[in-house]
Each structure stands twice: as C-alpha cells, then as structure tokens.
Amino acid sequence: MRKKSLSCVLELARRDPRVVFIGSDLGVGTLEEFRREMPERFFMEGVAEQNIIGMAAGLALEGFIPYVNTIATFLTRRCYEQVAVDLCYHNLPVRLIANGGGLVYAPLGPTHLAIEDMGIMRALPNMTVLAPADAAEMGRLVPQTLDVPGPVYIRLGKGGDPVVTPADDQSAIGQGVVLRRPGRCLFIATGIMSGRALAAAELLGAQGLACGVLHLPTVKPLDEVKILELTTGVEAIFTVEEHVLPTGLGSAVSELLIDRRPGRVPPLHRFGIPDRFPDRYGSQDELLDYFGLSPAQLATRALSLAGRQAA
Amino acid sequence: MTASPSFFATALARAEAAFTAHPAPLDARSRHLRRLAVDGLRGGNRGHLGSAFSAIEILRVLYDEVLRHDPRNPTWADRDRLLLSKGHGCLGLYAVLADKGYFPLSELDRFCRFDGILGGHPDAKKIPGVEASTGALGHGPSIGLGMAQAARLQKRDWRVFVITGDGEINEGSVWEAAMCAGKHRLDNFTVIVDYNKHQSYASTAEVQDLEPLVDKWQSFGFAVCEVDGHDVGALREVLAELPFDQGGRPNAIIAHTIKGRGVSYAENNVEWHHKSNLAADEIAALYRELEG
C-alpha cells in the first residue's frame with residue numbers, strides 16, 4: 001500500500017505542478033524518482049512533525065497541495081494541534097499518508113502503534129479519513145485525493161495485504177463498497193479488516209449463517225446511504241476494525257444509527273481493540289489474533305452473538 | 001544587500017542605550033494606535049494589553065513603511081505576508097489594520113463579541129489582512145516558512161514576516177521551524193521576536209530564560225540583528241537592511257521591547273499581560289495615559 005500510494009503521488013506530481021511531497025526522515029531511496037525529476041518539490045525535513053505540518057499548511061495557503069508522509073502515530077499524536085489548527089481549521093488541501101496504521105508495527109511496541117489514529121482524526125472538523133483495504137484500492141483512491149478541498153488522512157496497511165476489493169470498483173471517496181450482499185447479518189469493516197471480515201463471512205456462509213460485508217474505505221465522511229440501506233432488516237451488525245473501540249469505526253456507525261434510526265437500531269456488536277495499550281510484541285497477525293480479530297475468531301464470535309439473538 | 005558589521009554594531013549600541021536609559025516618549029502616531037487598541041479592549045471588556053503594546057511600533061513600521069500591501073486588495077498575490085504568531089497580541093494588529101482601512105474602526109467596538117469579526121486571536125477566515133489564524137503558540141514560524149517556500153517555488157519576490165512573542169518561543173516547534181528555515185536558507189523569511197522580557201506568569205528570566213537569544217538564532221542558521229523595538233527610526237533602518245546576509249540566511253530581529261509600553265503602570269507589569277472587566281475609570285485612565 002505504501003509503495004502504491006507513493007507511486008500515485010509521483011504520478012500526481014508529474015501532471016500537477018501544485019503537488020509537493022514532504023517526508024520526515026523516511027527510508028533511504030524513498031521516492032527517489034520524484035526527487036530526481038522534481039527536486040524543488042521534494043522535501044525531506046527531518047524528525048520534526050510539528051514543523052512539517054505547519055510548513056505544509058503554509059504551502060497549501062499559497063496554492064500548493066502537499067502530500068506528507070511519515071509513520072502514522074507520529075503524524076497524528078505528535079502534531080495533533082498543528083493538524084487541528086493549521087490544517088483542519090484552515091481547511092487546507094494537505095494529505096497525510098500514514099505508514100503502519102493499526103498494529104503493523106507490532107514488534108516495535110506500543111510507542112509505534114497507531115490504534116486511535118482514525119478516532120482522533122475523525123474528531124476534527126473538515127478532515128476526511130481513508131483506510132483502503134488493499135493496494136489496488138489505494139491506487140484508485142489516492143488519485144482522487146487531489147481534488148478534495150480539505151485535509152485527508154490516509155491510513156496505510158503493512159503492504160502485501162490480499163486484494164479483496166473488485167478491480168472494476170468505481171467508488172468515489174465517501175462511498176462504501178459492498179464486498180458481499182447482506183443476509184441475516186452484516187459486517188461493516190474498514191482497512192485491512194474488511195478482507196478478514198470477508199473471510200469470516202465465507203466461513204459463516206459455510207455454516208449456514210448468511211452474512212454480508214460492507215467495506216468502508218472512507219471512515220469520514222461515512223457513506224450514510226449505504227449503511228442505512230444495508231442495515232435495514234438485518235438481525236445483527238458487526239463492526240470490525242484494527243483500532244481501539246472508543247472513537248473508531250464501530251463508534252462512528254453506532255452514532256449514525258442512533259441519530260438516524262432512533263429506537264430502531266439493529267443489534268450492533270463492535271469488534272476491535274479493547275481500551276488498553278497492547279502488552280505484547282510479535283507480528284500484526286499475532287496481535288490481531290490476541291484481540292480476537294482473526295477471520296476464524298470473528299466468525300465464531302459472530303455466530304455466538306447471532307445465535308444468542310435468534311434464541 | 002548585506003548589512004555591514006558596523007551597521008549591526010550601531011543598531012545594537014542603540015538598542016542597549018535604549019534599555020539603560022528611560023525610553024523616549026511615544027510620538028502622536030504611536031499614542032493614536034494604542035488608543036485604538038484600547039478601543040478594542042473597551043469593546044470586548046478584555047484583552048492582552050501588555051502583549052499588544054510591546055509590538056505596536058514593530059507593526060506600525062512594517063505596515064507604514066516596509067510591507068508591500070494594499071488594504072483595498074488584501075489578497076493581492078504579490079503582497080508581503082505578515083503573521084502575528086503571538087496571536088494574543090492581536091489588539092495591536094487590529095489597531096494598525098483598522099487604521100490602514102482593512103476594516104472599519106467600528107469593528108474594534110465589537111472585539112471578542114458574538115457578532116464581531118475580531119476575536120481574541122486573529123482569524124484569517126474573518127479578518128481582511130490576516131494571513132493565518134494564530135493563537136496556538138509556536139505555529140506561525142512553520143506556516144510562514146511554508147509560505148516562503150511557496151514564494152520561492154513560484155519565483156515571486158514577496159516576503160514573509162513572522163512576529164513571535166518571547167514566551168512563545170519556549171515552544172519546541174519554533175526551533176524545529178528555525179532549523180528548517182536555516183537549512184533552506186530562506187532569506188525571504190524574517191522572524192521578529194517581540195522580546196518584552198515578560199510572559200504571563202513572570203519575567204522570561206524566571207519562567208524560562210531565553211538567553212543567549214542572539215546566539216540561539218545565529219546557531220540555527222539565521223542572520224540576526226537586535227533593535228530597540230519602540231524606536232521607529234531604528235526599526236526602519238534595520239528593516240530596510242533586509243535581507244541581512246548575502247549568503248541567503250533567513251533573518252531574525254530581536255526587538256527589545258517593554259511589555260505594556262505607553263501606560264506607565266502597565267509597563268513591565270505582568271498583571272497587565274491580560275486584563276478583563278476593567279471599570280470605566282480604569283479605561284478612562286488608559287486613555288489619559290495615551291493622550292495627545
């Protein structure tokens with residue numbers, strides 16, 4: 001996803017002179033082609049995220065469209081006030097490409113995990129929050145970011161994640177993607193968890209529980225139309241996210257349903273990371289298992305909850 | 001143009017002299033602008049008077065004689081950009097902008113009011129002539145250097161001026177920006193530190209000593225000049241020397257100022273950093289101090 005998103009930025013910069021790239025202290029050779037072709041629009045500004053966001057704001061105020069890239073947690077927590085005031089309050093077209101959203105940096109420990117990033121980004125007015133499921137979808141969404149008038153947060157997965165979105169998908173930013181039509185139940189997921197939710201739905205199908213999957217590559221603004229349409233008549237909704245439960249996708253969907261369907265919200269269960277700092281290392285998959293978020297665990301949990309409701 | 005060593009020595013000597021002797025009285029224009037700021041203070045029944053009054057001459061000289069700007073066309077593409085990074089000093093900026101005609105003087109009466117455009121910190125979305133919404137301290141230098149980068153990319157000759165407070169530069173982000181501007185040798189970028197030696201709680205020496213301040217900016221890659229920030233002639237001379245350095249270094253001006261300058265009992269008095277709910281006789285006393 002990272003490679004794909006950065007190659008999209010290179011292409012955007014080639015065709016639009018307003019596009020500039022700002023990195024912090026990225027890996028050697030990052031966007032080398034960009035640096036060689038357009039050195040005046042390539043910035044590598046060191047481990048100074050507050051300054052990078054302010055500088056991006058200054059460039060955007062003068063008509064440029066900066067794409068800023070560094071590790072997700074440092075792009076959100078470290079410079080939150082600059083993101084809130086300089087980018088969101090001024091409503092500037094700055095794009096934040098966040099490496100390693102969720103549990104990607106599992107071996108590096110809790111300092112490097114971005115598990116509340118979507119929550120704190122979606123709390124800010126004017127911010128658009130994207131979490132594509134795979135590199136192919138990243139390739140379809142990043143070019144669209146050029147025309148978004150305000151700031152955009154783009155959460156990246158680890159890379160090499162299985163491609164689960166349809167190659168011919170034409171969805172615009174803000175639109176959900178139906179990966180599987182709903183049956184009795186519906187998974188609503190985002191980012192790489194949509195692929196896991198799809199695998200869980202297939203396991204459930206084999207066990208006789210028809211379960212759809214609505215993938216939301218845009219966490220803010222939510223695709224209200226699709227969520228309201230697809231949740232109509234389902235027996236249970238399961239939200240799935242690689243994110244802490246407070247403030248995440250499950251919260252966002254709950255808020256929407258409570259606001260729009262007062263007294264008629266279907267049973268809704270949120271699958272995500274509990275409200276505590278992870279206390280293990282290992283791999284992203286190991287931590288997802290640890291938090292009950294593997295496809296098999298999602299299927300088991302969904303089956304148990306759906307069965308309990310049917311009874 | 002490069003300022004000569006003797007120019008810096010003269011400016012510094014003058015700045016030092018100003019602070020060893022009692023400062024010269026303010027002229028009519030400086031008193032007029034301060035009275036406008038008091039109009040705002042009266043209108044909002046609050047305001048950072050001390051922080052505004054230390055920066056009046058800096059703002060005055062910039063808008064009167066240095067900045068390329070047009071109050072009838074605040075978004076003129078080739079204007080120089082000024083950011084009041086110490087946004088809480090906004091009454092000084094509002095006084096000057098109103099005086100220049102960016103908005104009617106009557107707006108000062110609605111300072112901080114529900115239906116006003118002039119808030120307790122400058123808002124670029126509402127106020128003609130304000131480039132960026134500041135007030136969260138330590139943001140202006142980075143935004144300003146991004147603008148300076150933009151001018152360079154667009155091959156334009158407009159310049160960027162950022163006025164910071166002294167307490168403000170406690171913020172680490174200021175020094176991130178300083179490193180960055182130094183690295184890029186943004187000689188179209190000037191930071192002016194309104195060094196009034198006092199922050200909210202007490203003197204800067206007590207809260208977080210900034211000295212040696214000139215050395216700090218120099219070591220971050222700036223060409224630095226010190227000046228008496230209330231001496232209109234000295235400010236004029238220093239600002240006319242920009243950029244200070246042929247080598248392309250960004251510019252820092254350490255403007256030695258007096259917090260609350262112009263009101264005898266507010267000078268160097270942190271009680272006047274921010275004031276609210278002033279009685280009518282207290283407001284009247286402020287105008288009396290600034291008569292003429």
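Each chain gets a letter, A, B and so on, in the order the sequences are listed, and its residues count up from 1.
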Under 4.5 Å heavy-atom distance to chain A, tell me which part of B/Arg81 shows up: side chain, backbone, both or neither.
side chain
Atom CG of residue position A/Asp279 - does it have more than 12 heavy atoms of other residues, nucleotides or ligands inside 6.0 Å?
yes
Counting heavy atoms not belonging to B/Arg68, are there more than 12 under 6.0 Å from its CZ?
yes
Between B/Leu137 and A/Glu81, the two heavy atoms sitting closest are O-OE1, 4.4 Å
List the atom of B/Cys180, the atom of A/Asn51, and the distance in Å for their closest heavy-atom pair.
CB-ND2, 3.2 Å
Please identify, among B/Met179, B/Glu131, B/His184, the residue contributing the most non-hydrogen atom pairs under 4.5 Å to chain A.
B/His184
Distance (rounded to the nearest 0.5 Å) between B/Gln154 CD and A/Glu62 CD:
6.5 Å
For B/Ser173 versus A/Gln50, what's the shortest heavy-atom pair and its separation?
CB-OE1, 3.5 Å
Could you tell me which portion of A/Phe64 (side chain, backbone, both or neither) has an atom closer than 4.5 angstrom to a non-hydrogen atom of chain B?
side chain
B/Met147 versus A/Leu61: any side-chain heavy-atom pair under 4.5 Å?
yes
B/Glu176 side chain reached by A/Met55 side chain, heavy atoms, under 4.5 Å
no
Give a yes or no on whether A/Lys220 atom NZ has more than 12 heavy-atom contacts from other residues, nucleotides or ligands under 6.0 Å away.
yes
With distance as the sole test, does A/His90 use its side chain to make a donor-acceptor pair with the main-chain N or O of B/Ser133 at under 3.5 Å?
yes
Student check: side-chain heavy atoms of A/Glu40 and B/Arg152 closer than 4.5 Å:
no
Chain B contact via A/Leu59 - which portion, at a heavy-atom distance below 4.5 Å
both
Can you confirm whether more than 12 heavy atoms, excluding those of B/Lys126, are under 6.0 Å from its NZ atom?
no
Heavy-atom neighbours of A/Arg122 CZ exceed 12 at 6.0 Å
yes
